[in-house]
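Worksheet: the structure to be examined is printed underneath.
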Protein chains: 2
Amino acid sequence: MAVDKGYMSGSARMLVLNLLNEKSQYGYELIKTLKQRSNDVFDMKEGTLYPILHKLENDELISSSNQEVSGRVRKVYCITDKGQRVLAREREEWREFSVAVNQVLTFGGI
Amino acid sequence: MAVDKGYMSGSARMLVLNLLNEKSQYGYELIKTLKQRSNDVFDMKEGTLYPILHKLENDELISSSNQEVSGRVRKVYCITDKGQRVLAREREEWREFSVAVNQVLTFGGI
DNA sequence: TTATTATACCTAGCCATACTAGGTATGTCA
DNA sequence: TGACATACCTAGTATGGCTAGGTATAATAA
């Protein structure tokens, strides 16, 4: 990760959910998509991703199925309706948070 | 805090440094300033702030002195030159991070 | 006067979260 | 065949904010 890992806290889940909302993907693929889409800012580690995926599935925000992709069986994840509702809330929270940070930072037109 | 506390991770330090860069303040005052400036989004706890202040002082990013404010002795914190340099870097990191998150979230003009 | 509340500072221990570092297995390519 | 990328997994670690408690002073209400 190009930025301090602390920033990831709280966002990792939302980012994963968001990517799965656009397109069902398997774990390893998510890491590459995230890296590419963020212009190499996010380099999520497997030790971060897989526990998140397992927790999301356990909470029924995503579901998984073994599918053959490019001649190989992969565990493909798909967002659920519940996951979409949670994602919408988390996106709103992110917006509120980032606006607040920028308000603090840009006081006085700095 | 109105938003999930996880988002604070990595930002709390920068926000404190940023406020002290504008104006020397004592701890309790920082909490109120932060709350006000963020329209009640940030409600930083004392158990969060004081350890941050002590760490920042230990790292020589801020310095403190006991001053009488409104007829009472308070521990007033002041940013150092080193603190200003670190703040500039952290602001840049925040910008990079938030841009990256928004890039991931708004793919396809969503 | 006394009780309550707000101010002001502090810290030990808790908990959530991302990471490190290791493991296993398969496919590709030199 | 050996090296590397792909693909998944997890135990343990480190970080960082919070909970919940403490102390002390000043202002305000009963």
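Naming: A, B, ... by sequence-line order, numbering from 1 per chain.
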B:Lys45 NZ to D:dG21 P, straight-line distance once rounded to whole Å: 16 Å

salt_bridge(A:Lys23, A:Glu29) N-O dist < 4.0 Å: yes

Contact list for DNA chain D against residues 60-72 of chain B - heavy-atom distance below 4.0 Å: B:Arg72

Nearest-Å distance for atom pair CG/P, residues B:Asp59 and D:dG16: 10 Å

Ion pair check, A:Glu96 and A:Arg91, cut-off under 4.0 Å: no

Charged N-O contact under 4.0 Å between A:Arg85 and A:Asp81: no

Which donor-acceptor pairs under 3.5 Å do the side chains of residues 60-73 of chain B make with protein atoms, sequence neighbours left out?
residue: B:Ser64; atom: OG; partner: B:Glu57; partner atom: OE2; Å: 2.7
residue: B:Ser65; atom: OG; partner: B:Gln67; partner atom: NE2; Å: 2.9

Whether A:Asn102 side chain and A:Ser98 backbone form a donor-acceptor pair below 3.5 Å: yes

Closest listed nucleotide, where the reference is the side chain of A:Pro51 and the choices are C:dT17, D:dT10, D:dC8: D:dT10

Side chain of A:Thr48 - closest among D:dC18, C:dT20, C:dA18: C:dA18

Under 3.5 Å: donor-acceptor pair, side chain of A:Ser38, backbone of A:Leu34: yes

Ring centers of A:Phe42, B:Phe97 separated by less than 6.0 Å: yes

Among D:dG17, C:dC10, C:dC19, the nucleotide that comes nearest once only the side chain of B:Ala12 is considered: D:dG17

Separation of atom CG in A:Leu49 from atom P in C:dC19, rounded to whole Å: 10 Å

Among C:dC10, C:dA18, D:dC9, the nucleotide that comes nearest once only the side chain of B:Glu46 is considered: C:dC10

Phosphate contact (C:dT11 OP1 or OP2) by B:His54 side-chain N/O below 4.0 Å: yes

Distance, rounded to the nearest Å, where A:Tyr7 contributes OH and C:dT17 contributes C1': 17 Å

Phosphate OP1/OP2 of D:dC9 contacted by A:Lys75 side-chain N/O (<4.0 Å): yes

Rounded interatomic separation in angstrom, taking CG from A:Leu53 and P from C:dA18: 12 Å

Residues within residues 26-36 of chain B bordering DNA chain C, heavy-atom distance below 4.0 Å: B:Tyr26, B:Gly27, B:Tyr28, B:Lys32

Rounded distance in Å - CG (A:Leu56) to P (C:dA18): 10 Å

From C:dT20, D:dC8, C:dA18, nucleotide with atom closest to A:Tyr50 side chain: D:dC8

SB check B:Glu92 B:Arg89 (cutoff 4.0 Å): no

Nearest non-hydrogen partners of A:Leu20 and A:Tyr77, listed with the distance: CD2-O, 3.5 Å

Rounded interatomic separation in angstrom, taking CE from A:Met44 and P from C:dT20: 13 Å

For atom CD1 of B:Ile52 and atom P of D:dT15, their distance in whole Å: 15 Å

Residues A:Leu15, A:Met8; criterion side chain to side chain contact (heavy atoms under 4.5 Å, CB included); working and verdict: CA-CA 10 Å; A:Leu15 294 173; A:Met8 276 311 277; 4.2 Å; yes

